[in-house]
Amino acid sequence: MAALNEALVLGPGEGQDTARDGRMTFKARADQTGDAFAMIELAVPSDIPGPPLHVHHGCDETFYVLEGTLTLRLGERTIAVPAGAFVLVPRGVAHTFANRGPGVARFLGTISPGRYIGYVEEINALLATTPAGTRPDMARAAEIGRRYATEFLGPPLGR
């Protein structure tokens with residue numbers, strides 16, 4: 001754990017790669033920010049449907065799009081979020097995201113408080129053990145969600 005009075009500096013491409021395919025990289029973890037937030041960089045290919053519609057009851061999330069266009073569903077509305085745009089999703093707002101564009105969409109996401117990044121880690125581990133072309137064990141996903149005050153409400157956006 002880095003002391004909170006030390007600066008954290010990461011160069012391009014640096015951070016903890018959390019997915020076998022290099023699409024998700026932790027830039028800052030809860031233990032490095034005093035649990036204030038965690039930050040991840042995600043590269044989302046257009047063939048990934050995104051997570052199911054869900055709501056976090058105990059954390060806020062942000063999205064800052066770096067490249068491409070991300071599609072977000074926020075409550076009842078669906079919006080296109082181009083590179084350079086920022087979205088804050090407060091706790092309690094149902095949301096999901098997908099890349100409906102032709103190339104990769106890259107974004108920085110924060111989760112606050114930072115300990116909720118454990119949810120991302122555990123869901124990522126579940127997905128890593130799911131055979132290609134099959135759905136993950138949704139009962140297990142729901143159990144992970146309960147531990148992190150996250151509720152699944154509906155399907156992913158898809159294309």
Side-chain angles (χ1 to χ4, degrees), residues 8 10-30 32 37-56 59-91 93-112 114-145 147-148 150-159:
L8 173 64
L10 299 175
E14 292 183 335
Q16 180 188 3
D17 184 7
T18 64
R20 292 177 297 182
D21 55 15
R23 291 192 305 230
M24 183 183 303
T25 304
F26 285 161
K27 296 297 188 179
R29 302 183 63 87
Q32 296 167 317
F37 69 95
M39 178 180 282
I40 55 178
E41 180 179 350
L42 282 93
V44 183
S46 60
D47 60 343
I48 303 292
L53 181 67
H54 60 283
V55 61
H56 302 294
C59 72
D60 304 313
E61 241 181 309
T62 68
F63 295 80
Y64 182 79
V65 180
L66 300 168
E67 177 183 338
T69 298
L70 203 60
T71 300
L72 270 82
R73 178 171 168 194
L74 304 165
E76 295 301 316
R77 64 187 177 140
T78 300
I79 60 172
V81 183
F86 171 82
V87 176
L88 167 65
V89 183
R91 62 193 73 198
V93 174
H95 63 285
T96 187
F97 64 89
N99 174 7
R100 291 180 167 169
V104 171
R106 227 169 34 90
F107 70 94
L108 290 175
T110 63
I111 298 174
S112 177
R115 66 184 163 277
Y116 279 84
I117 202 69
Y119 165 78
V120 175
E121 291 176 304
E122 290 189 44
I123 290 293
N124 197 37
L126 174 64
L127 294 174
T129 61
T130 301
T134 65
R135 287 181 47 122
D137 179 346
M138 289 309 291
R140 175 83 176 111
E143 188 272 321
I144 293 168
R147 283 191 281 110
Y148 291 94
T150 296
E151 180 182 1
F152 297 107
L153 304 173
L157 278 174
R159 303 234 359 119

Check: Who pairs with Tyr64 by ring pair (Phe, Tyr, Trp, His ring centres under 6.0 Å), at least two apart in sequence or on another chain?
Finding: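 So Tyr64 forms no ring pair (Phe, Tyr, Trp, His ring centres under 6.0 Å) with any residue.
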Decide yes or no for [X] and [Y]: does some side-chain heavy atom of the first lie under 4.5 Å from some side-chain heavy atom of the second?
X	Y	result
Arg73	Leu53	yes
Leu72	Val87	yes
Phe63	Val81	no
Asp60	Val89	no

Next item on the list: Please name the pair of heavy atoms, one in Gly75 and one in Val93, separated by the smallest distance, quoted to 0.1 Å.
Entry: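 What the structure gives for the nearest pair is N-CG1, 4.2 Å.
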Checklist line | SB check Glu121 Arg29 (cutoff 4.0 Å) | finding: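 Here Glu121 pairs with Arg29 in a salt bridge, since their nearest N and O are under 4.0 Å apart.
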Checklist line | Salt bridge present between Arg147 and Glu122 (N-O < 4.0 angstrom) | finding: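 Counted as a salt bridge, because a side-chain N and a carboxylate O are separated by less than 4.0 Å.
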Checklist line | With Glu151 via salt bridge (charged side-chain N to carboxylate O under 4.0 Å, His left out) - residues at least two apart | finding: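 Once residues adjacent in sequence are excluded, Glu151 has no partner under the salt bridge (charged side-chain N to carboxylate O under 4.0 Å, His left out) criterion.
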Margin query: side-chain contact (heavy atoms from CB on, under 4.5 Å), that's the test. Do Phe37 and Ile111 meet it? Break it down for me.
Written below: CA-CA 5 Å; Phe37 69 95; Ile111 298 174; over 6 Å; no
Notebook entry, point to check: Going by atom types alone, do Thr150 and His54 pair a side-chain donor with an acceptor below 3.5 Å?
Noted result: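 On atom types as modelled, these side chains do not qualify, holding no pair under 3.5 Å.
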Margin query: His56 and ring pair (Phe, Tyr, Trp, His ring centres under 6.0 Å): which single residue from Phe152, Tyr119, Tyr116 fits?
Written below: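 The ring pair (Phe, Tyr, Trp, His ring centres under 6.0 Å) with His56 is passed solely by Tyr119 among Phe152, Tyr119, Tyr116.
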